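In what follows, a single structure is set out as structure tokens and then discussed.
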There are 2 protein chains.
Amino acid sequence: MSLAGLPQHQGGADDLARLLARALLAGHWQPGEAFPRELDVCAHFDVSRNKVRNALASLTATGLIERTAGRGTRVREIGEWHLLDPLISDWMTGIDSLDPKLVRAIFAFRYSAEPVVARLAAEAANADDIQRLETAFQGMTRTAMNPEERGLHAEYDVAFHDAIYQGSHNLVWRQMGHLLRPSIIALIHSSQAHVHHEHEGLDDSLARHNEVLETIRRRDPSAAEHAAREVLKRTAIDLGIVDDPPASSGAVPAANAHTDLEEFS
Amino acid sequence: MSLAGLPQHQGGADDLARLLARALLAGHWQPGEAFPRELDVCAHFDVSRNKVRNALASLTATGLIERTAGRGTRVREIGEWHLLDPLISDWMTGIDSLDPKLVRAIFAFRYSAEPVVARLAAEAANADDIQRLETAFQGMTRTAMNPEERGLHAEYDVAFHDAIYQGSHNLVWRQMGHLLRPSIIALIHSSQAHVHHEHEGLDDSLARHNEVLETIRRRDPSAAEHAAREVLKRTAIDLGIVDDPPASSGAVPAANAHTDLEEFS
DNA sequence: GCTTGCCAAAATGTCTGACATTTAATAGGC
DNA sequence: GCCTATTAAATGTCAGACATTTTGGCAAGC
């Protein structure tokens, strides 16, 4: 595949890396395929070889591509991508055609990890952490009704979940807050197709988020773990990963969600 | 701090980055402190500015340092380091004076995460995964008796735990296998001080590892989760994170391990 | 026909020197 | 005392030449 369809480069420093990375993440090239040569990239975007090399160095550092002298540049398998690198998370956000396999993998990770993190947060969170959770939740509530503020609502959503990871007060868990943004932004695009139950879905989602906040505030680890899992069950429905329950209680899809999620890599 | 005490550079390409990174990870510079200028590094190691810039680009990509034109280069806070970047894991392995805060943080993460991962592995592992677990375990058993093969034993240990993460068949969890190596290598150095119970400790550790293998093989998720936690309780003792139990049953330190671990960030 | 060795082409990696840009400090003028 | 212009110092960028690695082809020799 060539560089033909890509947008124009605007001159920013890491902008070229971002551009190429997003094309890769969107599947513009297949894994194993050859990536354009340095000089071709230089010619197409009319930039110096230096900038191209810097950009390709970023792509190499994140595991997206692999370069060897004399051979050229090849696209690596998805399994080799450094999904936990903040750069990757940054590049992923806002890609409309993100590989569904990736969205499911990230969500499956969150589904298994976030309850444990919420438990840790209920044990370790301090006043600042709870304050962050609270303001994020209030922001979510305030922007829930207005469809115009969908993007802002997502940002508060990200902030809420990130506050859980921060609240764990563990250096490693804290790093994973970055994965939240692409996962939650994907939810916006995905839920376009599920508008039929928007209001009930949002109310339900808010109630479950509130439960997480309250359980962490009162330092109840087991309840926090449970509440976080309930939030993610709701999210699984909104992401279209599991079927919408037949407007019944809401606890029904639990088993489905569990078994379904485990099948995806 | 200057470059005075650092070893000599051998000419490898990413070798300079490794050298500087290990000095950073070992605490040779304090967070917030100024890092030597490009030209000073060039002069000290007698390499071209190009190589220095490449090395510093790696350190920047992993969040170890922060560079701004005109200002210079500064060392970032530990909380900003990209601990999940494979490069960092690679650089960390074998550092004898690794920050104990880091060792504890990584272990606390494993203690909360690995049981969940073992559960997933018991649900998703295929024949190849179980084969990997088995050969790793056999390697651990074979090298357990001989103190000469301590390093090899650690490698099999890493392979065993990595196989658990691989067995989860989740793209995100798989990335975290890299964290195992520094954590387990640290165990070697640390357990030098606890030689008084080497034999019993190793036997006990092997038995617990075997339990993980068997529960995954028979696809018993809850048992696998429990077994993985038991392995890590043993590891906590060997790492010196919790006190050695008074030679009693072995289930006693459980509560201690749990409460102790949660206090560390 | 098959192998072996050599050479040339193509790609990435490296060096060097000059220049650009950003930041911070400093000296001067009002 | 404050604002501004200048200077110094550091990182960022450029352009061109050269080095190194890999691949493939071609030809000589068995």
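The shown structure was predicted, so the numbers you read here are calculated from the model rather than taken from an experiment. Chain letters run A, B, ... following the sequence lines, proteins first, then strands; residues in each count from 1.
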Quick check: do [X] and [Y] have side-chain heavy atoms less than 4.5 Å from each other?
X        : Y        : result
B:Val117 : B:Asn170 : no
A:Asp85  : A:Gln175 : no
B:Phe109 : B:Leu83  : no

May I have the distance from [X] (atom [atom1]) to [N] (atom [atom2]), rounded to whole angstrom?
X       : N      : atom1 : atom2 : value
A:Leu39 : C:dA9  : CG    : C1'   : 14 Å
A:Phe45 : D:dC14 : CZ    : P     : 15 Å
A:Arg74 : C:dA11 : CZ    : C1'   : 13 Å
B:Leu16 : C:dT14 : CG    : P     : 11 Å
A:Arg67 : D:dT20 : CZ    : C1'   : 14 Å
A:Asp46 : D:dC14 : CG    : P     : 10 Å
B:Glu66 : C:dT23 : CD    : C1'   : 14 Å

Do the charged groups of [X] and [Y] touch, with an N to O distance under 4.0 Å?
X        : Y        : result
A:Arg174 : B:Glu80  : no
A:Glu33  : A:Arg74  : no
B:Arg37  : B:Asp40  : yes
B:Arg181 : B:Asp90  : no
B:Arg132 : B:Asp129 : yes

Side chain of [X] only, heavy atoms from C-beta on: which candidate in [options] is closest?
X       : options                : answer
A:Glu38 : C:dA24, C:dT12, D:dT23 : C:dT12
A:Ser48 : C:dT12, C:dC15, D:dA15 : D:dA15
B:Arg71 : C:dA24, D:dT11, D:dC14 : C:dA24
A:Arg37 : C:dT12, C:dT22, C:dT23 : C:dT12

Within less than 4.0 Å of OP1 or OP2 of [N], is there a side-chain N or O belonging to [X]?
X       : N      : result
A:Thr73 : C:dT12 : yes
B:Lys51 : C:dC15 : yes
B:Thr68 : C:dT23 : no

Tell me which residues in residues 52-64 of chain B lie within less than 4.0 Å of DNA chain D, going by non-hydrogen atoms. B:Arg53

Take B:Glu114 and B:His161 through the test side-chain hydrogen bond (donor to acceptor under 3.5 Å, both in side chains) and record every step on the way to the result. CA-CA 9 Å; B:Glu114 220 158 301; B:His161 289 270; 2.5 Å; yes

Could you list, one pair per line, each protein nitrogen or oxygen that sits under 3.5 Å from a nitrogen or oxygen of nucleotides 16-18 of chain D, together with the distance?
none

State, without any angle test, whether B:His153 and B:Thr143 hold a side-chain donor-acceptor pair at a distance under 3.5 Å.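 B:Thr143 and B:His153 do have a side-chain donor-acceptor pair below 3.5 Å.
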
Can you confirm whether the side chains of A:Trp173 and B:Ser112 place a donor and an acceptor under 3.5 Å from each other?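 Looking only at side-chain atoms, B:Ser112 and A:Trp173 do form a donor-acceptor pair, the distance falling under 3.5 Å.
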
On the 0 to 90° scale, with breaks at 30° and 60°, tag the B:Phe160-B:His209 ring pair as parallel, tilted or perpendicular.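 Plane angle over 60°, so perpendicular.
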
Can you work out whether A:Asn50 or B:Ala69 has the more 5'-proximal nearest nucleotide on DNA chain D? B:Ala69

Would you mind reading off the bend of the helix from C:dG1-D:dC30 to C:dC30-D:dG1 from its two end axes, five pairs each, to 10 degrees? 0°

